[in-house]
Number of protein chains: 2
Amino acid sequence: MTRRTRRTSGRVTLDDVARRVGVSKITISRALREPWRVSEGLRQRIHAVIDELGYIPNRQAGALASARSRSIALLVPSLSNAVFSEVIRGVDEGFAGSGYQVLLGHTSYSREEEAHLIDTYLSFGVDGFIISGSQHTDSARQRLSRCGLPICEIMELPESPLDMAVGLDHEAAGHALTGALLELGYRRLGFIGARMDYRARRRLEGWQRALTEAGLSTAACLTTESPSDYRLGGQLLGELLEQYPALEMVCCVNDDLAAGALFECQRRGIRVPDQLGLTGYNGLDITEATTPTLSTVITPRRRIGVAAASRMLSRLEGDQGTEVLQDLGFEIALRESTRPAGG
Amino acid sequence: MTRRTRRTSGRVTLDDVARRVGVSKITISRALREPWRVSEGLRQRIHAVIDELGYIPNRQAGALASARSRSIALLVPSLSNAVFSEVIRGVDEGFAGSGYQVLLGHTSYSREEEAHLIDTYLSFGVDGFIISGSQHTDSARQRLSRCGLPICEIMELPESPLDMAVGLDHEAAGHALTGALLELGYRRLGFIGARMDYRARRRLEGWQRALTEAGLSTAACLTTESPSDYRLGGQLLGELLEQYPALEMVCCVNDDLAAGALFECQRRGIRVPDQLGLTGYNGLDITEATTPTLSTVITPRRRIGVAAASRMLSRLEGDQGTEVLQDLGFEIALRESTRPAGG
DNA sequence: GTGAAAGCGCTAACAG
DNA sequence: CTGTTAGCGCTTTCAC
């Protein structure tokens with residue numbers, strides 16, 4: 001008995017509360033998790049003592065004992081992209097009041113970083129994953145499918161989903177937008193894109209398909225792997241116009257680029273939409289604020305988050321669920337940056 | 001012995017690895033945490049088995065046993081505000097390679113939500129807190145000061161910091177910006193603000209002090225508690241101009257509002273800066289992209305994150321640290337939305 | 001350089 | 001409605 005007692009965190013534990021109340025610690029535990037199984041009066045005394053002592057449960061111990069952490073991981077490519085902040089808000093909303101904690105991770109658009117984060121959150125013992133996109137490293141796919149946790153891939157509709165998926169068809173959206181522009185009478189269309197991830201490439205493919213179907217050229221297309229930002233939009237627009245000065249419309253792979261392109265037009269004195277039409281993609285706030293407002297494709301970002309959370313919750317509560325893929329669609333918003341119909 | 005064995009997670013544990021290698025589990029644990037204490041050959045065999053079995057350490061168990069989780073909480077008001085995405089990036093950078101995991105939480109600008117998140121992360125056993133701002137509920141202040149963890153308040157310079165703080169003086173920044181505008185010859189200045197949190201109010205106070213010192217009116221001031229966005233910038237500008245049509249300058253409490261105000265000017269045909277000057281605050285990307293570019297105060301957002309992380313790390317590694325307050329300053333950027341000097 | 005034993009704080013399982 | 005016991009997977013402490 002010379003063994004020194006192990007240094008403890010000094011924090012108030014369930015045992016401290018139990019001793020103070022004069023019951024066993026499991027009763028305290030139950031009062032917190034299954035209050036209906038503890039008598040009214042005792043429950044009140046327990047809560048009084050909890051407040052008095054400032055007891056905060058240790059979730060690590062709880063998770064270790066119960067093999068569930070009541071937390072889920074949400075992995076997005078970027079936190080600076082407004083698209084994902086709305087997805088996050090949706091997921092938060094969806095989990096509000098459920099008792100689940102959302103652990104947020106951002107992959108910086110890197111599959112390797114994603115794989116690393118998956119391991120990290122696995123080691124945190126999360127009960128499920130909500131992950132942007134369907135493009136993972138092989139080892140990440142293995143880890144995910146072997147861990148047996150519910151997984152929801154969001155934003156797009158994967159060909160071979162790991163488990164569940166909620167998103168939209170970006171190729172169809174690109175195609176539909178381009179189709180709408182052709183109907184407005186545009187014939188010489190260009191495309192600029194940055195950070196050409198899978199979803200961005202799908203939009204471009206939709207644009208190409210629509211033009212090809214109409215017998216038009218898809219040559220005026222300029223893309224880069226650099227991260228997207230306003231200034232890049234202006235720069236790409238400038239480069240594209242240099243090569244193709246006769247363009248009457250430039251489709252931008254996202255709203256940031258479109259806004260940047262618009263600012264560049266203002267700088268150069270190019271009148272939008274009279275001399276040049278412009279479209280974005282996503283329907284961020286800025287598209288409704290600029291002068292002129294920007295035509296775009298509105299994607300259901302927040303709803304994707306909410307739906308992912310709610311499907312995750314059902315799975316966590318035992319439902320086996322039905323559909324694998326959930327398509328939330330998109331909406332074409334033609335505004336001031338494209339010529340009016342019949343114009 | 002009829003007692004059923006407890007259902008385990010089914011995951012590979014340290015014990016599984018140990019059995020396979022033929023050593024005790026503590027050796028595996030050491031090979032991972034203190035590799036230099038395990039012989040070279042054994043270490044290699046261990047790592048081979050870890051890869052083979054796909055072992056992922058259980059951080060909860062580790063944290064429980066060691067009373068440190070190697071994670072810290074980063075609490076920001078908002079994820080959709082670009083200001084904080086750069087702070088987050090800075091913090092991430094600062095912790096990169098340290099072995100610490102950053103757990104991100106957003107309070108939606110609510111002290112109650114903040115207090116709740118503090119409890120949540122405390123129950124996750126984080127080793128420290130980095131928190132935006134100095135305005136907390138009483139109970140949150142108590143919890144934070146009693147938990148004995150290192151705490152870094154960021155963005156501003158609190159009067160009575162909980163522990164450490166890294167930020168800048170927003171009142172001084174507001175004052176300096178306004179002073180610079182007075183030097184450019186502006187005399188009739190207005191102010192619009194949204195989401196008037198503590199930092200926003202400090203900027204306004206700086207603006208007021210500068211005008212008062214110059215004997216000018218501070219009446220043309222319009223603020224709201226609503227969240228800030230582009231459209232609100234336009235709306236507030238409109239309302240302010242209705243009341244004060246002779247204004248020659250409108251200072252916006254942040255860049256979003258300033259951009260929105262600029263778009264509104266374009267819509268109304270008000271030439272910026274010829275007829276009206278405009279300034280923002282923070283120095284977000286958009287301020288360099290619009291036409292005209294926006295004058296603003298550049299705040300060292302990313303550097304604040306990096307500094308907070310690095311101070312947190314020193315504390316976690318035992319340094320008691322020296323300075324409490326760290327002032328990272330600001331930079332006035334006069335660009336195209338204000339008249340040129342001497343103009 | 002490696003190991004055995006004990007225990008972190010909690011909950012599952014069974015008992016009354 | 002409340003309690004007892006065992007153990008989650010890991011690290012600490014002490015021992016060799």
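These numbers come from a predicted model, not from an experiment. Residue numbers start from 1 in every chain, and the chains themselves are labelled A, B, ... in the order their sequence lines are given, proteins ahead of strands.
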Quick check on contacts: within residues 44-55 of chain A, what sits under 4.0 Å from DNA chain D by heavy-atom distance?
none

When you check the side-chain N and O atoms of Glu153(B) and His136(B), is any donor under 3.5 Å from an acceptor?
yes

Whichever of Arg30(A) and Asp15(A) has its nearest DNA chain C nucleotide further upstream toward 5'
Asp15(A)

Please name the pair of heavy atoms, one in Gln101(B) and one in Arg59(B), separated by the smallest distance, quoted to 0.1 Å.
CB-NH2, 3.9 Å

From CG of Leu64(B) across to P of dC10(D) the rounded distance in Å is 12 Å

Plane angle bin for Phe84(A) and Tyr109(A) - parallel if under 30°, tilted between 30 and 60°, otherwise perpendicular:
perpendicular

Please determine whether a side-chain nitrogen or oxygen atom of Thr13(A) lies at a distance below 4.0 Å from atom OP1 or OP2 of dC8(C).
no

Could you walk me through whether Asp197(B) and Arg199(B) pass the salt bridge (Lys or Arg N to Asp or Glu O under 4.0 Å) test, one step at a time?
CA-CA 6 Å; Asp197(B) 62 8; Arg199(B) 292 181 286 281; 3.7 Å; yes

Considering only heavy side-chain atoms of Arg33(A), the closest of dC10(C), dC8(C), dT11(C) is dT11(C)

Can you measure Arg68(A) atom CZ to dG9(D) atom C1' for me and round it to whole angstrom units?
19 Å

Do Ser134(A) and Glu156(A) have side-chain N/O donor and acceptor atoms under 3.5 Å apart?
yes

To the nearest Å, give me how far apart CZ (Phe124(A)) and P (dC8(D)) are.
22 Å

What's the CG-P distance between Leu32(B) and dT2(C), to the nearest Å?
14 Å

In degrees, rounded to 10°, what is the bend between the two ends of the helix from dG1(C)-dC16(D) to dG16(C)-dC1(D), using five pairs at each?
20°

Let me know the distance between CD of Gln60(A) and C1' of dT11(D), rounded to the nearest Å.
13 Å

Once salt bridge (charged side-chain N to carboxylate O under 4.0 Å, His left out) is applied, do any residues pair with Arg311(B), and if so which ones, sequence neighbours excluded?
none

For atom CZ of Arg70(B) and atom C1' of dC8(C), their distance in whole Å
17 Å

With sequence neighbours excluded, what pairs up with Arg143(B) under the salt bridge (charged side-chain N to carboxylate O under 4.0 Å, His left out) test?
Asp119(B)

Ionic contact status for Glu40(A) with Arg43(A), cut-off 4.0 Å
yes

Roughly how many Å is it from CZ in Arg19(B) to P in dG9(D), rounded to a whole number?
11 Å

Is it true that Glu114(A) and Arg111(A) make a salt bridge, defined as a side-chain N closer than 4.0 Å to a carboxylate O?
no

Where do Tyr100(B) and Ile72(B) come nearest, in terms of heavy atoms and distance?
CD2-CG2, 4.0 Å

Check residues 23-32 of chain A and write down every donor-acceptor pair under 3.5 Å in which the side-chain atom is one partner and the other belongs to a residue at least two apart or another chain.
from	atom 1	to	atom 2	distance (Å)
Ser29(A)	OG	Arg33(A)	NE	3.1
Ser29(A)	OG	Arg33(A)	NH2	3.0

Nearest-Å distance, CG (Leu42(A)) to C1' (dC1(D))?
9 Å

Among residues 20-29 of chain B, which residues get a heavy atom nearer than 4.0 Å to DNA chain D?
Lys25(B), Ile26(B), Ser29(B)

